[in-house]
Amino acid sequence: MERGVKAGKIHSIGLSNFYEDDIDRMVKIASIKPAVLQNETHPYHQSRSVKAHIAKMGTILEAWFPLGGRGTGIKTLSEHEVITSIAAAHGKSAYQVLLRWHLQCGTIAIPGSSNAAHIVEDYDIFDFELTPDEMKRINALECNHRFASY
């Protein structure tokens, strides 16, 4: 990957599913630090320690499963009382609140969808802001729970 960057064929390098020890080992052998690290990140698994660890090298966290993933994760988060009550207060969907939370946390969140209506809804998060109290309520959902088993 580094040869690709040096040859001008790749703009930057990103990693996925690396944690503190993995990152430290990689940085010792790499000459180019990763621009992005993609790990499962959502209100139940906020990746705070990894985010702080990679920030020191200028790497940004990208959320994998930003809405909780497929199946039970997305249902669990989108139906959580904290999320739904905040969504109702803003006249937004639970998904919009989750994406706005990521945005305000400084985490890259790119939800996947092939549904045109969902894609439009996902972009409609720039006309409201979560209050400090709302951010605190969502942050309190951290329970180190991942929805993926791999």
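Under the 4.5 Å side-chain contact rule for hydrophobic residues, Leu37 and Met26 share a cluster. Taking hydrophobic clusters as Ile, Leu, Val, Met, Phe, Trp and Tyr residues chained together by side-chain heavy-atom distances below 4.5 Å, Leu61 does not share a cluster with Tyr44. Residues Tyr19 and Met57 share a single hydrophobic cluster, defined by chaining ILVMFWY side chains whose heavy atoms lie under 4.5 Å apart. Note on Phe128: it clusters hydrophobically with Tyr95, by side-chain heavy-atom contacts below 4.5 Å among ILVMFWY residues. Following chains of ILVMFWY side-chain contacts shorter than 4.5 Å, one can reach Met135 starting from Ile86, so the two form part of one hydrophobic cluster.
A donor-acceptor pair under 3.5 Å is absent between the side-chain atoms of His102 and the main chain of Ala63, judged by distance alone. Between the side chain of Ser16 and the main chain of Gln38, a donor-acceptor pair closer than 3.5 Å is present. Glu142 contributes a side-chain N or O that, together with a main-chain N or O of Asn144, makes up a donor-acceptor pair within less than 3.5 Å. A donor-acceptor pair is defined here as one N or O able to donate and one able to accept, closer than 3.5 Å; no such pair exists between the side chain of Glu40 and the backbone of Phe65. Put simply, the side chain of Asn39 gets close to the backbone of Asn17: a donor and an acceptor are under 3.5 Å apart. Side-chain atoms of Thr59 never come within 3.5 Å of backbone atoms of Ala55 as a donor-acceptor pair (strictly under, hydrogens ignored). Although no hydrogens or angles enter the test, the distance criterion places a donor-acceptor pair under 3.5 Å between the side chain of Gln104 and the main chain of Leu130.
Around the NZ atom of Lys51, the shell of radius 6.0 Å holds more than 12 heavy atoms that belong to other residues, nucleotides or ligands.
In this structure, Ile32 CD1 and Lys6 NZ are separated by 5.5 Å, a value rounded to the nearest 0.5 Å. Here CD of Gln96 is found 12.5 Å from CD1 of Ile83. Values are rounded to the nearest 0.5 Å. Annotation: the span from Lys33 atom NZ to Leu15 atom CG amounts to 12.5 Å, rounded to 0.5 Å. Atom CG of residue Leu103 and atom CG of residue Leu98 lie 12.5 Å apart, to the nearest 0.5 angstrom. One distance of note links OG of Ser47 with CZ of Arg146; it measures 7.5 Å at 0.5 Å rounding. With rounding to the nearest 0.5 Å, the separation of CD1 in Ile54 from CZ in Phe18 is 12.0 Å.
Proximity of Leu67 to Leu99: side-chain heavy atoms (C-beta onward) are separated by under 4.5 Å at one or more points. Contact of the Pro43 side chain with the His80 side chain is not registered, since no non-hydrogen atoms from C-beta on lie closer than 4.5 Å.
The minimum heavy-atom distance linking Ser78 with Ala94 is given by the pair O-CB, 3.3 Å. The two residues Gly71 and Ile74 make their nearest non-hydrogen contact at O-CG2, 3.4 Å. The two residues Ala109 and Pro66 have their closest heavy-atom pair at CB-CB, 3.8 Å.
Between the side chains of His90 and Glu134, at least one donor-acceptor pair of N or O atoms lies under 3.5 Å.
A salt bridge between Asp22 and Arg25 is present, with a side-chain N of the basic residue lying under 4.0 Å from a carboxylate O of the acidic one.
Not counting sequence neighbours, the partners of Val36 by the side chain to side chain contact (heavy atoms under 4.5 Å, CB included) test are Glu62, Ile108.
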### Task
For side-chain contact (heavy atoms from CB on, under 4.5 Å), just list the numbers for Asn139 and Trp101, CA-CA rounded to whole Å, side-chain angles, deciding distance to a tenth of an Å, and then say yes or no.
CA-CA 9 Å; Asn139 289 344; Trp101 172 79; 2.8 Å; yes
### Message
As a quick check of understanding, evaluate side-chain contact (heavy atoms from CB on, under 4.5 Å) for Cys105 and Gln46, giving each step before the final call.
### Response
CA-CA 10 Å; Cys105 287; Gln46 296 177 24; over 6 Å; no
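For Phe147 and His42, the ring centers sit closer than 6.0 Å to each other.
Among pairs with a residue in residues 107-124, those fulfilling salt bridge (charged side-chain N to carboxylate O under 4.0 Å, His left out) read Lys92-Asp124, at least two apart in sequence or across chains.
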